[in-house]
Amino acid sequence: MPGFGWSTAADQRFNVNLSILFTELPLLERPAAAAAAGFSAVELWWPWVDSPTPEQSELDALKKAIEDAGVQLTGLNFYAGQLPGPDRGALSIPGEESERFRANLDVAVAFGRSLGCTTFNALYGNRVEGVDPAEQDALALENLVLAARAVGRVGGTILIEALNAPESPKCPIVSAPKAIEIVDKVNAATGLGNAKFLMDLYHLSMNGEDLPSVIERYAAKTGHVQIADNPGRGAPGTGSLPLEELLGQLRKAGYDGWIGLEYKAGDRPSADSFEWLPREAR
């Protein structure tokens, strides 16, 4: 498998998403496994898919596991329903899911802040049959404004992610321009300027978007980047995406934030899926 050029990897910062990698291990063992693989930073989807407000003991146990492993939590999703699974977020869904999202805001922000994490991903959610899309979009903006203000109180960033239409056909945020439109609306509503684009190169490639053009147009509004190869959503080198070139372009465009590894390890242990990245760059 082709490795990244040292010149590219040396000035990038990579973290591991513990909700898609190391999932062969219990949640509380994953931070230490990432550290053993040479990584200093991790990110997470909301780990408690059934509960936006888990018991404090559960929060404390995960906090201790991250601290004991000596890794930094650099990104966290707000409550987003069943991930992985049928859901794609909660904040645009009227009724119970919207209430769950709101109940989660202060819990997630406090948990993240306790670990030095101030970057939070707010997944938009699917269209609901029988509900006016305009009603969902109004609710979404209301909830995103609440989230941006909650995150703003800790000097943080809220992320808006574009998913991909083939895998998320009911999600309306399935292109970079649409995600940027939401980012701009949230920033206009709050005046905080803390809403940013989560540029997931795998999702955008699945949509058939022109990735060099997306980077050129939107790098300045990007708060986080995630990668997986395509096809297959595997490690870099398992598909045909020119990820080394794309990350190099991002770097030249001024993006110096984390690159989240959000790919599937396949039929091997997660620890064996990082050979493409020199250990010194982890």
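In this chain, residues are counted from 1 in sequence order.
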(request) Decide yes or no for T74 and C117: does some side-chain heavy atom of the first lie under 4.5 Å from some side-chain heavy atom of the second? (result) no
(request) For residues 218-233, pull every pair meeting salt bridge (Lys or Arg N to Asp or Glu O under 4.0 Å), keeping only residues two or more places apart or in separate chains. (result) D184-K221, R233-E262
(request) Evaluate side chain to side chain contact (heavy atoms under 4.5 Å, CB included) for S51 paired with T53, printing each intermediate quantity in order. (result) CA-CA 5 Å; S51 177; T53 55; 4.2 Å; yes
(request) Check whether any side-chain heavy atom of D137 lies under 4.5 Å from a side-chain heavy atom of S92, and answer yes or no. (result) no
(message) Between the side chains of K63 and E58, is the shortest nitrogen-to-carboxylate-oxygen separation below 4.0 Å, so that they form an ion pair?
(response) no
(request) Calculate, to the nearest 0.5 Å, the distance between atoms CG and CG belonging to L115 and L76 respectively. (result) 9.0 Å
(request) Take atom CZ of R113 as the centre, draw a 6.0 Å sphere, and report whether it contains more than 12 heavy atoms from other residues, nucleotides or ligands. (result) no
(request) Not counting sequence neighbours, which residues clear side-chain contact (heavy atoms from CB on, under 4.5 Å) with N230? List them please. (result) Y202, S205, M206, L241
Pairs of donor and acceptor atoms involving the side chains of residues 32-44, under 3.5 Å and at least two apart or interchain, shall be tabulated with distances.
unit_1 : atom_1 : unit_2 : atom_2 : d
E43    : OE1    : N15    : ND2    : 3.3
E43    : OE1    : H224   : NE2    : 2.7
E43    : OE2    : N17    : ND2    : 3.2
E43    : OE2    : Q226   : NE2    : 2.7

(request) Would you mind listing every salt bridge (Lys or Arg N to Asp or Glu O under 4.0 Å) that reaches into residues 16-33, with sequence neighbours excluded? (result) none
(request) Indicate whether any N or O donor in one side chain lies under 3.5 Å from an N or O acceptor in the other, for N164 and N207. (result) no
(message) Using every non-hydrogen atom in the two residues, find where L144 and L91 come nearest and quote the distance to one decimal.
(response) CD2-CD2, 3.8 Å
(request) Could you list the residues that satisfy side-chain contact (heavy atoms from CB on, under 4.5 Å) with S213, not counting sequence neighbours? (result) D210, R217
(message) Holding to salt bridge (Lys or Arg N to Asp or Glu O under 4.0 Å), I want the full list of residues that pass it with E161, two or more places apart in sequence or in another chain.
(response) none
(request) Scan for salt bridge (Lys or Arg N to Asp or Glu O under 4.0 Å) pairs involving residues 162-175, sequence neighbours excluded, and state none if there are none. (result) none
(request) Tell me, please, which residues at least two apart from E181 pass salt bridge (Lys or Arg N to Asp or Glu O under 4.0 Å). (result) K178, K185
(message) Give me the atom names and distance for the closest heavy-atom approach of A179 to I160.
(response) O-CG2, 4.0 Å
(message) Using 0.5 Å steps for rounding, measure from the CD atom of Q12 to the CG atom of L277.
(response) 10.0 Å
(message) Show every ring-ring contact (aromatic ring centres under 6.0 Å, His included) that has at least one partner inside residues 110-133, sequence neighbours left out.
(response) F78-F120
(request) Tell me who clusters with L198, hydrophobic residues only, linked when side chains sit under 4.5 Å apart either directly or through other members. (result) L159
(request) Applying side-chain contact (heavy atoms from CB on, under 4.5 Å), name anything that partners V131, two or more places apart in sequence or on another chain. (result) P94, V128, E135, Q136
(request) Side-chain contact test, heavy atoms from C-beta onward, threshold under 4.5 Å: evaluate it for T118 versus T157 and give yes or no. (result) no
(message) According to salt bridge (Lys or Arg N to Asp or Glu O under 4.0 Å), does anything in residues 68-95 pair up with another residue at least two apart or in another chain? List the pairs.
(response) K64-D68
(request) Work out which heavy atom in L139 is nearest to a heavy atom in S98; give both atom names and the distance. (result) CD1-OG, 3.6 Å
